There are 2 protein chains.
Amino acid sequence: MLLGMSRNPEEPVYNRIEEARTTLGLTRQELADKVGVHYQTIGYLEREEYSPSLVLALRIAKALNQEVSELFSQTPFKKGK
Amino acid sequence: MLLGMSRNPEEPVYNRIEEARTTLGLTRQELADKVGVHYQTIGYLEREEYSPSLVLALRIAKALNQEVSELFSQTPFKKGK
DNA sequence: ATGCTATGTAGCATTAATGCAACATTTGCA
DNA sequence: TGCAAATGTTGCATTAATGCTACATAGCAT
């Protein structure tokens with residue numbers, strides 16, 4: 001009825017969170033504070049260990065002044081946008 | 001320690017899935033098949049009983065030929081777009 | 001009326017997303 | 001060098017999202 005094996009979903013979602021975050025000179029902790037999650041959560045997302053809920057994706061997009069479609073994609077991003 | 005009370009989250013996300021779906025003349029079952037979920041799941045989303053994962057939101061947007069930001073929002077939609 | 005199709009609802013099981021704590025590692029800077 | 005901040009990683013608990021089954025209801029044909 002239990003197993004300590006979370007972290008590692010099925011369907012990948014690629015993102016540019018780290019790129020957009022560092023562009024704004026923000027630390028993970030600061031971004032986490034802005035969107036109201038733990039700083040580790042930002043880490044998991046940047047490393048693409050799992051994909052966010054839609055609500056979180058919307059909050060992050062707003063915090064980073066980007067469109068959801070500019071930040072997240074089902075297909076890998078090319079270099080330098 | 002348990003309660004059969006799922007269905008009913010905290011933070012609402014508004015959407016136009018039903019509007020976009022009927023515009024295309026699709027049934028819930030058909031949309032569900034296109035995005036690979038249960039037809040009830042589409043129902044729960046349209047009634048805004050919970051919000052989708054980002055992956056599902058991306059798939060739905062693609063199936064309905066819309067931008068994620070056109071389909072989902074943290075603030076209610078006005079009438080007729 | 002009968003029947004069919006689309007939709008609403010309820011339960012319960014499973015899995016992914018997130019919180020949170022603890023500790024390792026890396027990097028920059030005094 | 002060493003310290004401190006930022007980040008990586010692990011483990012476990014909790015909750016939301018989804019699957020799935022079953023049944024009720026509503027509308028629209030024939």
Side-chain angles (χ1 to χ4, degrees), chain A residues 1-64 68-69 71-74, chain B residues 1-64 68-69 71-74:
Chain A
M1 194 251 278
L2 64 99
L3 253 169
M5 177 6 201
S6 244
R7 320 285 191 214
N8 218 302
E10 12 57 83
E11 202 160 355
V13 171
Y14 306 92
N15 72 75
R16 280 176 165 159
I17 299 180
E18 180 164 31
E19 177 183 336
R21 172 178 63 81
T22 55
T23 294
L24 296 183
L26 294 176
T27 151
R28 287 186 183 169
Q29 179 69 66
E30 291 168 333
L31 176 56
D33 290 343
K34 291 187 78 172
V35 300
V37 294
H38 261 253
Y39 74 96
Q40 290 103 323
T41 297
I42 303 294
Y44 286 120
L45 297 179
E46 292 187 349
R47 279 175 257 121
E48 290 165 349
E49 293 190 32
Y50 57 56
S51 61
S53 65
L54 177 58
V55 215
L56 182 50
L58 290 171
R59 286 202 232 116
I60 292 178
K62 176 177 293 184
L64 296 177
V68 171
S69 51
L71 269 182
F72 303 93
S73 167
Q74 297 176 93
Chain B
M1 195 255 279
L2 62 99
L3 254 168
M5 183 352 203
S6 243
R7 320 284 191 216
N8 217 302
E10 12 58 82
E11 203 159 355
V13 171
Y14 307 92
N15 72 76
R16 279 177 166 157
I17 298 180
E18 180 164 31
E19 178 184 334
R21 171 178 64 81
T22 55
T23 295
L24 296 183
L26 294 176
T27 153
R28 287 187 183 169
Q29 179 69 66
E30 291 168 331
L31 176 56
D33 289 344
K34 291 187 77 172
V35 301
V37 294
H38 261 252
Y39 75 97
Q40 292 101 323
T41 296
I42 303 294
Y44 286 120
L45 296 179
E46 291 188 351
R47 281 174 257 121
E48 289 166 351
E49 293 189 34
Y50 57 57
S51 61
S53 65
L54 177 59
V55 214
L56 182 50
L58 290 171
R59 285 200 233 116
I60 292 179
K62 174 177 294 184
L64 297 177
V68 171
S69 51
L71 270 182
F72 303 93
S73 166
Q74 297 177 92

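Since we're looking at a predicted model, the values are computed, not measured.
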Indicate yes or no: at least one non-hydrogen side-chain atom of [X] is less than 4.5 angstrom from one of [Y].
X      : Y      : answer
V68(A) : L54(B) : yes
V55(B) : Y50(A) : no
L45(A) : L56(A) : yes
F72(B) : P52(B) : yes
L24(B) : L31(B) : no

Round to the nearest Å and state the distance from [X] atom [atom1] to [N] atom [atom2].
X      : N       : atom1 : atom2 : answer
Q29(B) : dC4(C)  : CD    : P     : 18 Å
L56(A) : dA17(C) : CG    : P     : 11 Å
Y50(A) : dT15(C) : OH    : C1'   : 14 Å
D33(B) : dA6(C)  : CG    : C1'   : 14 Å
E18(B) : dA6(C)  : CD    : P     : 14 Å
L31(A) : dT7(D)  : CG    : P     : 10 Å

Contacts of R21(A) that satisfy salt bridge (Lys or Arg N to Asp or Glu O under 4.0 Å) - sequence neighbours left out:
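Testing R21(A) for salt bridge (Lys or Arg N to Asp or Glu O under 4.0 Å), a comparison that skips the adjacent residues, returns E18(A), E46(A).
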Would you tell me if any nitrogen or oxygen in the side chain of T27(A) comes within less than 4.0 Å of OP1 or OP2 on dT7(D)?
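Answer yes for this pair, as a side-chain N or O of T27(A) is under 4.0 Å from OP1 or OP2.
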Any side-chain N or O of S53(A) under 4.0 Å from OP1/OP2 of dT18(C)?
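True: S53(A) side-chain N/O within range (under 4.0 Å) of dT18(C) OP1/OP2.
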Does R21(A) reach a base, just sugar-phosphate, or nothing at all? Heavy atoms under 4.0 Å.
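Answer is sugar-phosphate: R21(A) comes under 4.0 Å of backbone atoms only.
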Heavy-atom contacts under 4.0 Å between residues 37-49 of chain A and DNA chain D, which residues?
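Here the set is Y39(A), Q40(A), Y44(A), R47(A).
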